[in-house]
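Reviewing the structure listed below.
Just so it is clear: chains get the letters A, B, ... in the order the sequence lines come, proteins before strands, and each one is counted from 1. Not measured: the values here are computed from a predicted model.
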Amino acid sequence: AQSVTQLDSQVPVFEEAPVELRCNYSSSVSVYLFWYVQYPNQGLQLLLKYLSGSTLVKGINGFEAEFNKSQTSFHLRKPSVHISDTAEYFCAGKTQGGSEKLVFGKGTKLTVNP
Amino acid sequence: DAEITQSPRHKITETGRQVTLACHQTWNHNNMFWYRQDLGHGLRLIHYSYGVQDTNKGEVSDGYSVSRSNTEDLPLTLESAASSQTSVYFCASSGRVYGELFFGEGSRLTVL
C-alpha cells in the first residue's frame with residue numbers, strides 16, 4: 001500500500017529545545033516528499049519539499065528535513081523551537097504510477113511549552 | 001499573487017439539505033482536490049479532478065459530488081447532508097510533475 005507514516009501523534013517540547021518529527025514512507029511512494037504545517041483554524045502551508053539533489057532540505061521558519069533513501073525516512077528537525085511553532089505538521093509524498101495525488105500522514109501535533 | 005479561495009468559511013445546515021462549498025483557484029492548475037479533516041483521521045481525499053470535465057472519486061466520496069466546468073473552479077456538493085459530514089473541508093490545487101499542493105483556508109461545515 002502507498003503510505004506515509006508519522007510515528008508520533010503528539011510531541012510536547014519546551015521552548016528553545018530541539019525537536020524532531022519523524023516520517024517514514026513506503027517504497028510505493030515517490031521521492032517527491034513534503035512537510036506541511038497547519039496553525040490553528042488555518043489551512044495547510046508548505047514548510048519544505050524534497051524533489052531531488054541534496055538530501056538536506058531547508059524550509060521556512062528555521063525548519064529542515066533530511067531525506068534518507070535507505071531508511072525511507074524524511075524526518076523534520078528544528079534546533080530551537082519557539083512558542084509560535086505550536087501547530088500540526090503533516091508529512092506527504094506523491095504517489096507512484098502516474099498519479100498526481102499526494103498521500104498524507106496522519107499528522108503530528110507539536111506543542112511548545114514555556 | 002495567485003491564491004485559492006473557499007466559500008463559505010463557516011456554514012451550519014440541517015440534515016437532508018443540499019450544500020455546495022465553492023473553491024476557486026487562480027494558479028491556473030489543472031489538478032484540484034477536496035479533502036475533509038477530522039480529528040483522528042487526518043486528511044481524507046473526497047474527490048479530485050485533473051482537468052475540465054474530469055472528476056474522480058477519492059477514498060471517502062459517498063454522499064459527495066463535484067463538477068469541473070472550467071479550470072478555476074471545483075465546487076463540492078453534498079446532495080443530502082448528514083451529521084457524519086460535519087467536518088472541515090479543504091480544497092487544494094497542484095500543477096503537474098511534483099504534486100505540490102496549495103491549500104485554501106478551509107470551510108467548516110456543521111450539519112445539525
Listing request: all salt bridge (charged side-chain N to carboxylate O under 4.0 Å, His left out) pairs with a residue in residues 74-85 of chain A, at least two apart in sequence or in separate chains.
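Found A:Glu20-A:Arg77, A:Glu66-A:Arg77, A:Lys78-A:Asp85.
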
Pair listing, salt bridge (charged side-chain N to carboxylate O under 4.0 Å, His left out) test, anchored in residues 37-47 of chain A, at least two apart:
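Qualifying pairs, neighbours excluded: none.
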
Hydrophobic cluster identity match, [X] and [Y], side-chain contacts under 4.5 Å:
X        : Y        : result
A:Val103 : A:Val31  : yes
B:Ile4   : B:Leu76  : no
A:Leu76  : A:Val112 : yes

Tell me, for A:Leu46 versus chain B, whether the close heavy atoms (under 4.5 Å) come from the side chain, the backbone, both or neither.
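The answer is the side chain of A:Leu46.
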
Heavy-atom proximity to chain B below 4.5 Å, by part of A:Leu51:
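Contact with chain B involves the side chain of A:Leu51 alone.
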
How about CG on A:Leu7, more than 12 heavy atoms from neighbouring residues, nucleotides or ligands closer than 6.0 Å, or not?
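Enclosed: over 12 neighbouring heavy atoms sit under 6.0 Å from CG of A:Leu7.
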
Heavy atoms of other groups near B:Leu39 CG, more than 12 under 6.0 Å:
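No, CG of B:Leu39 has 12 or fewer neighbouring heavy atoms, counting only those of other groups under 6.0 Å.
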
Straight-line distance of B:Leu101 CG to A:Leu44 CG, nearest 0.5 Å:
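Output value for this atom pair is 9.0 Å.
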
Who passes salt bridge (Lys or Arg N to Asp or Glu O under 4.0 Å) against A:Lys58, sequence neighbours left out?
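A:Lys58 satisfies salt bridge (Lys or Arg N to Asp or Glu O under 4.0 Å) with A:Glu64 once adjacent residues are dropped.
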
Of the backbone (N, CA, C, O) and the side chain (C-beta and beyond), which part of B:Leu45 lies under 4.5 Å from a heavy atom of chain A, both, or neither?
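When you check distances to chain A, only side chain atoms of B:Leu45 fall under 4.5 Å.
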
Are there donor-acceptor atom pairs under 3.5 Å between chain A and chain B, and if so which?
| residue | atom | partner | partner atom | Å |
| --- | --- | --- | --- | --- |
| A:Tyr36 | OH | B:Leu101 | N | 2.8 |
| A:Tyr36 | OH | B:Leu101 | O | 2.9 |
| A:Gln38 | OE1 | B:Gln37 | NE2 | 2.9 |
| A:Gln38 | NE2 | B:Gln37 | OE1 | 3.0 |
| A:Lys49 | NZ | B:Glu100 | OE1 | 2.7 |
| A:Lys94 | NZ | B:Val97 | O | 2.2 |
| A:Glu100 | N | B:Tyr50 | OH | 3.0 |
| A:Glu100 | OE1 | B:Asn31 | ND2 | 3.3 |

